[in-house]
Number of protein chains: 2
Amino acid sequence: MAGQPEIARALRQAGLRLTPQRYDVLAFLAGRRVHATADEIFQAVNRAHPRLSRATVYNTLRALVRGGLVRELAADGAAARFDARLERHHHFVCDACGGIEDVEWFELPPALRRRARSGGTVREIEVIFRGFCRRCAGAPRPGGVPGSYTATKQ
Amino acid sequence: MAGQPEIARALRQAGLRLTPQRYDVLAFLAGRRVHATADEIFQAVNRAHPRLSRATVYNTLRALVRGGLVRELAADGAAARFDARLERHHHFVCDACGGIEDVEWFELPPALRRRARSGGTVREIEVIFRGFCRRCAGAPRPGGVPGSYTATKQ
DNA sequence: GTATTTGCAAATCATTTGCATAAAC
DNA sequence: GTTTATGCAAATGATTTGCAAATAC
């Protein structure tokens with residue numbers, strides 16, 4: 001997903017009306033490698049489109065997530081991050097800066113995939129690696145340690 | 001961790017002063033199988049201890065997490081959940097009700113553990129299973145579908 | 001033309017902070 | 001006696017909601 005027609009098509013396909021706001025939000029996400037917070041998206045799109053409101057960004061994100069075009073990532077305590085990479089992938093979360101990087105998709109061995117014995121149904125399995133990213137590994141911040149509670153905030 | 005002296009010992013060991021509030025919060029978490037939100041903890045502890053404030057619950061949780069006695073779990077968009085099970089384990093998150101269940105710990109095969117090639121250091125690897133839990137598998141809610149954005153809220 | 005979406009402002013929810021008092025060590 | 005934690009109330013930050021005007025279909 002990158003070209004203009006593809007973005008429009010993706011929106012239609014998800015059953016969403018094509019508004020300039022939605023187009024811009026999805027285009028922004030599709031052109032990014034790092035995961036953006038709702039506010040970062042607002043700031044960026046707002047530059048080209050000054051009358052955009054935050055509420056619309058949130059509405060749009062909800063619609064996109066619901067339509068399966070975007071994934072939402074919970075970041076311990078911090079603001080949620082959004083990501084338009086639809087190919088499945090795993091994540092690496094930095095304990096120090098809170099940044100999220102993609103990790104190429106791989107399947108868990110079948111024996112492990114059956115480990116969730118809750119009696120329910122499993123739709124997907126995601127692996128989250130935690131540690132210090134390349135940039136933070138060198139100079140970790142004062143409070144940024146394993147617990148990660150303090151790490152992402154303060 | 002379950003008996004009274006163990007809880008007190010755990011607090012001391014983490015370098016925390018032993019206050020009734022901290023004791024109660026940790027005891028509550030230690031005696032629970034489901035992961036509780038800060039507010040659920042407040043409600044519960046508040047019954048036995050009516051002058052407890054929410055700020056203290058948050059302060060205590062931060063201290064416990066920092067001291068390594070409690071883990072914090074980010075739940076897509078919703079309030080964070082806390083958990084005093086210290087043995088490593090994975091999680092199952094229900095798309096419909098947002099509930100979180102523990103999945104017994106297992107190691108990823110070494111080949112997969114090396115997949116995070118960010119140049120940084122990896123501290124831990126967690127696996128998150130998503131789907132419908134036993135209770136919701138039978139009767140999923142109106143909006144509660146894969147995206148899980150709407151699922152955890154509304 | 002009708003159903004949706006937008007933008008705005010106000011509302012809500014989770015969490016944090018400042019500060020005087022109280023309790024732990 | 002000092003240092004740290006508590007409780008309260010007010011502040012902050014993220015996200016949602018109500019509603020009239022604008023827009024997509």
Side-chain angles (χ1 to χ4, degrees), chain A residues 7-9 11-26 35-43 45-46 49-67 70 72-82 98 143 148-154, chain B residues 8-9 11-26 35-43 45-46 48-67 70 72-82 98 143 148-154:
Chain A
I7 289 176
R9 196 181 313 141
L11 284 168
R12 287 251 160 59
Q13 195 179 308
L16 301 174
R17 291 190 176 186
L18 176 52
T19 70
Q21 295 78 337
R22 284 177 177 171
Y23 180 93
D24 287 353
V25 167
L26 184 53
H35 307 281
T37 62
D39 197 64
E40 286 164 359
I41 297 167
F42 169 75
Q43 299 294 344
V45 178
N46 191 253
H49 200 149
R51 290 204 49 195
L52 179 72
S53 81
R54 274 190 176 74
T56 296
V57 171
Y58 281 105
N59 284 341
T60 297
L61 288 170
R62 174 157 57 225
L64 292 175
V65 171
R66 199 185 304 219
V70 161
E72 180 189 12
L73 297 157
D76 285 327
R81 286 164 184 275
F82 299 86
S148 101
Y149 187 95
T150 43
T152 44
K153 318 192 170 179
Q154 187 202 166
Chain B
R9 196 181 313 141
L11 284 168
R12 286 250 162 57
Q13 195 178 310
L16 302 175
R17 291 190 175 185
L18 175 52
T19 70
Q21 296 78 336
R22 284 177 177 171
Y23 181 92
D24 286 355
V25 167
L26 184 54
H35 307 282
T37 62
D39 197 63
E40 286 164 359
I41 297 167
F42 169 74
Q43 300 294 344
V45 179
N46 191 253
H49 200 150
R51 290 204 50 195
L52 178 73
S53 80
R54 274 189 177 74
T56 296
V57 171
Y58 281 105
N59 283 341
T60 296
L61 288 170
R62 174 157 55 229
L64 293 175
V65 171
R66 199 184 304 220
V70 161
E72 180 189 12
L73 297 158
D76 285 328
R81 286 163 184 276
F82 298 86
S148 101
Y149 187 95
T150 44
T152 43
K153 321 196 166 176
Q154 186 198 167

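Heavy-atom basis, side chains included; hydrogens, waters and symmetry copies ignored. Lettering follows sequence order; numbering is per chain, from 1.
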Does [X] place a side-chain N or O at less than 4.0 Å from the phosphate oxygens OP1/OP2 of [N]?
X: A:Arg51; N: C:dC8; value: yes
X: A:Thr19; N: C:dT4; value: no
X: B:Thr56; N: D:dG7; value: yes
X: B:Arg62; N: C:dT16; value: yes
X: A:Arg22; N: C:dT5; value: yes

* To do: Determine the minimum heavy-atom distance between B:Ala38 and B:Leu61, stating which atoms define it.
  =>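 Nearest heavy atoms, B:Ala38 then B:Leu61: CB-CD1, 3.9 Å.
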* Distance-minimising heavy-atom pair for B:Phe42 and B:Leu52 ->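 Reported closest heavy-atom pair: CE1-O, 3.3 Å.
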Rounded distance (Å) that lies between atom [atom2] of [N] and atom [atom1] of [X]:
X: B:Phe42; N: D:dT6; atom1: CZ; atom2: C1'; result: 13 Å
X: A:Arg17; N: C:dG1; atom1: CZ; atom2: P; result: 15 Å
X: B:His49; N: C:dA22; atom1: NE2; atom2: P; result: 15 Å
X: B:Gln21; N: C:dA23; atom1: CD; atom2: C1'; result: 9 Å
X: A:Leu61; N: D:dT16; atom1: CG; atom2: P; result: 9 Å
X: B:Leu11; N: D:dT4; atom1: CG; atom2: C1'; result: 14 Å
X: A:Asn59; N: C:dC8; atom1: CG; atom2: C1'; result: 12 Å
X: B:Phe82; N: C:dA14; atom1: CZ; atom2: P; result: 12 Å

* Closest nucleotide of DNA chain C for B:Asp39 versus for B:Pro20: which of these residues is on the 5' side? ->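 The residue mapped nearer the 5' terminus is B:Asp39.
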* Asked: So which one's nearest nucleotide on DNA chain C is more toward 5', B:Leu16 or B:Thr37?
  ->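 It is B:Thr37 whose nearest nucleotide is closer to the 5' end.
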* Asked: Can A:Glu72 and A:His35 be said to form a side chain to side chain contact (heavy atoms under 4.5 Å, CB included), step by step?
  -> CA-CA 9 Å; A:Glu72 180 189 12; A:His35 307 281; over 6 Å; no
* Give a yes or no on this: more than 12 heavy atoms of other residues, nucleotides or ligands lie within 6.0 Å of atom CD of A:Gln13. =>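 12 or below, so no.
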Which of these nucleotides, [options], is closest to any side-chain atom of [X]?
X: A:Leu18; options: D:dA5, D:dC25, C:dT6; value: D:dC25
X: A:Arg54; options: D:dC8, C:dT4, D:dT15; value: D:dT15
X: A:Tyr58; options: D:dC25, C:dA9, D:dA14; value: D:dA14

* Asked: Excluding sequence neighbours, so at least two apart, what forms side-chain contact (heavy atoms from CB on, under 4.5 Å) with B:Thr37?
  ->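 side-chain contact (heavy atoms from CB on, under 4.5 Å) check on B:Thr37 returns B:Asp39, B:Glu40, B:Ala79, B:Arg81.
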* 5'-most contact on DNA chain D: A:Ala38 or A:Arg12, nearest heavy atom basis? ->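 In this pair, the answer is A:Ala38.
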